[in-house]
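To start, the structure under review is shown below, and the notes come after it.
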Amino acid sequence: MAAMNIVDFQNCFFFVLLSLFSLLCYSLFFRKPKEPRLHYDLPPSPPTLPIIGHLHLLLSVLVHRSLQTLSTKYGSILYLRVFSFPVALVSSASIAYEIFREHDVNISSRGFPPTDDSLFAGSFSFTSAPYGDYWKFMKKLLVTNLLGPQALERSRGFRADELDLFYENLLDKAMKKESVDICVEALKLSNNSICKMIMGRSCSEENGEAERVRALATQLDGLTKKILLANMLRAGFKKLVVSLFRKEMMDVSSRFDELLERILVEHEDKLDMHHQGTDLVDALLAACRDKNAEYKISRNHIKSFFADLLFASTDTFVQTTQWTVAEIINNPNVLERLRGEIDSVVGKARLIQETDLPNLPYLQAVVKEGLRLHPPGPLFARFSQEGCRIGGFYVPEKTTLMINAYAVMRDSDSWEDPDEFKPERFLASSRSEQEKERREQAIKYIAFGSGRRSCPGENLAYIFLGTAIGVMVQGFEWRIKEEKVNMEEANVGLSLTMAYPLKVTPVPRTLVPLTQNPLNRSS
Ligand code: HEM
């Protein structure tokens, strides 16, 4: 009897353990997110795999493409599940317009809980901050001191210096008949320009500082997809998965920290010497010291903000430049028309400058078309605070909205010949058409997102892209080894990049180098 009791007790204990384990598995893997009330229809959902749901779809090599194919088959708004994490996938221009027009406040957070204490995607991050006081405070500082029209006017000289260097560097390579990796040159231009604009000086090439910043920006890129996917897991699992790349994340974070601490101290030393600082770092340090500031920020907030800006501005510019130049090379008619416009507006003696851009509508159209076909961030995320109706379906609260900008901007219901490179589509023939075009594009052109959380760097991006591409077209012929550039895509992190990086050999168009613009220089 006693022996039986022991067996019973062991069985019972085993059974309880098994039940607890099953319950744990069920809640981790199988439990569905809270279902909305029955009279609401969820968007259609493609077949799922056991446990992981639709995770495999997000792991595909060209995720924006496989999601685009999925939406063609099942619908322009889909309900996906990654384990138990709900995702609404948006793939058409009309649904994208509806969510930004009718639900903008509701979806103005990204909904990603901070990942660790890392400076990047951590609790200090601006980009992943919820829509609230901290975000509003930093956005105001950002517009006033870096990205608003007046701030951009103040920093014009910095960009002119860097554009001159970009041209000189290409000319030097052309003279030596060396080939150019477009990504490498574009990365130097954007990093140096943005660093100068944020902290008043570029990173030094001599002591390797610039190289370190460029390497960090590239590494950040590789981490994004891992962070995004980890955020879709339940807390316990997220911890486990993050631990797999925590070392890499903290390594990038601490190297950033070291570099940025030095920059902050440098600015503080200047302030102590009664130097009136005017750049973004000065403004952030002043806010940090201000006891009456609307929001109390710390040194970590400043550092994290810098990391966010560097990440947001670098790869986006590099990839768009590369794709757009490739399209121009592959479309000789576009090249001819573009060059004709630049030669007639700017001439063949002086280098293009950013004040020329408003007079170069075709160049602007080429840049827009490059971004439409090859958005560097093909997917971006938002989060529904409350349940809402989208496209006739019910999207429950706390659902991640994944917007496939790539699919939206190739949606054949909204774009004629959506896969063709046709800059003319962005040219309006008359003023009244311009207004109509502007309204139509607000619906279907989302390279910079839309609404409150849309990209605050849009104007700066157009300046960077317009001038860099302008210089390349105005100053050089570009030779490639093959007949056409191979336009195959690849994903690095979440960025859309070229599978075969663009390498071209520049040949100067004029015997005499183009004169640069001394009046625009910063000193
Ligand atoms: C080709 C260039 C660029 C592209 C295509 C691009 C695209 C985007 C997109 C799609 C978003 C998400 C928008 C949304 O959720 O609606 C975004 C956010 C952001 N971008 Fe850009 N961007 C570019 C350049 C820049 C530059 C130059 C800066 C600043 C120096 C910048 C700073 C930011 C920031 C801070 C955010 C986060 C905004 C927030 O969460 O409130 N971007 N960008």
Side-chain angles (χ1 to χ4, degrees), residues 64 90 96-97 99-101 103-104 107-112 120-121 125-132 134-143 145-148 151-152 155 158-159 186-187 189-191 193-199 217 220-221 224 228 279-280 304-324 367-383 400-406 408-409 442 445-469 494-497:
H64 58 285
V90 173
Y97 182 64
I99 61 169
F100 290 120
R101 195 192 50 193
H103 307 287
D104 192 36
I107 59 153
S108 275
S109 291
R110 304 200 186 277
F112 288 148
F120 180 64
S125 165
F126 168 77
T127 307
S128 37
Y131 177 62
Y134 170 59
W135 180 85
K136 287 182 191 162
F137 182 71
M138 294 304 256
K139 175 83 185 263
K140 201 157 130 193
L141 278 173
L142 185 61
V143 172
N145 297 287
L146 191 77
L147 299 175
L152 284 178
S155 56
F158 287 149
R159 290 187 297 281
L187 187 59
L189 173 64
S190 73
N191 252 344
S193 306
I194 201 77
C195 285
K196 254 190 184 172
M197 289 172 64
I198 294 176
M199 61 185 197
L220 276 185
D221 228 26
T224 48
L228 180 81
D279 56 50
L280 180 66
S304 179
F305 198 40
F306 195 142
D308 276 1
L309 290 176
L310 200 62
F311 171 70
S313 62
T314 302
D315 199 53
T316 45
F317 167 73
V318 170
Q319 298 309 335
T320 311
T321 307
Q322 177 177 230
W323 280 113
T324 311
V367 168
K368 276 194 132 180
E369 182 68 342
L371 277 163
R372 182 190 70 82
L373 272 181
H374 312 286
L379 297 159
F380 58 88
R382 297 295 189 83
F383 182 75
T400 287
L401 289 144
M402 193 174 277
I403 293 124
N404 190 347
Y406 182 91
V408 167
M409 293 194 292
Y445 186 81
I446 55 163
F448 294 94
S450 189
R452 284 169 178 73
R453 289 304 282 259
S454 68
C455 176
E458 180 172 351
N459 290 340
L460 176 61
Y462 279 130
I463 293 175
F464 275 159
L465 290 164
T467 48
I469 291 167
L494 288 175
S495 302
L496 172 57
T497 181

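In listed order, ligands and their atoms are each counted from 1.
- Contacts with ligand 1 closer than 4.0 Å are made by heavy atoms of both the backbone and the side chain of S313.
- Atom 19 (C) of ligand 1 has as its closest protein heavy atom P456 CD, 3.7 Å.
- Contact annotation for R110 and ligand 1: only side-chain heavy atoms (C-beta onward) come within less than 4.0 Å of the ligand.
- Nearest protein neighbour of atom 42 (N) of ligand 1, counting heavy atoms only, is C455 SG, 3.0 Å.
- By the criterion of a heavy-atom distance under 4.0 Å, neither the backbone nor the side chain of F464 is placed next to ligand 1.
- With a 4.0 Å cut-off on non-hydrogen atoms, I446 does not touch ligand 1 at all.
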Before giving the answer on side chain to side chain contact (heavy atoms under 4.5 Å, CB included), spell out for I403 and R382 the whole-Å C-alpha distance, their side-chain angles and the decisive distance to 0.1 Å. CA-CA 8 Å; I403 293 124; R382 297 295 189 83; 4.0 Å; yes

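- The closest protein non-hydrogen atom to atom 39 (C) of ligand 1 is R453 NE, 3.3 Å.
- The part of P376 lying near ligand 1 is the side chain, judged by heavy-atom distances below 4.0 Å.
- Residue contacts with ligand 1, taken as heavy atom pairs separated by less than 4.0 Å, involve L371 solely via side-chain atoms from C-beta onward.
- Contact annotation: W135 has at least one heavy atom less than 4.0 Å from an atom of ligand 1.
- Contact between S450 and ligand 1 is present, with at least one heavy atom of the residue lying under 4.0 Å from the ligand.
- For atom 10 (C) of ligand 1, the candidate residues are A405, A447, S109, G377; the nearest heavy-atom contact is made by A447.
- In this structure, atom 6 (C) of ligand 1 lies nearest to the protein heavy atom F448 CD2, 3.7 Å.
- Only the side chain of R382 comes within 4.0 Å of ligand 1, judged by heavy-atom distances.
- Using a 4.0 Å cutoff on heavy atoms, T127 counts as a contact of ligand 1.
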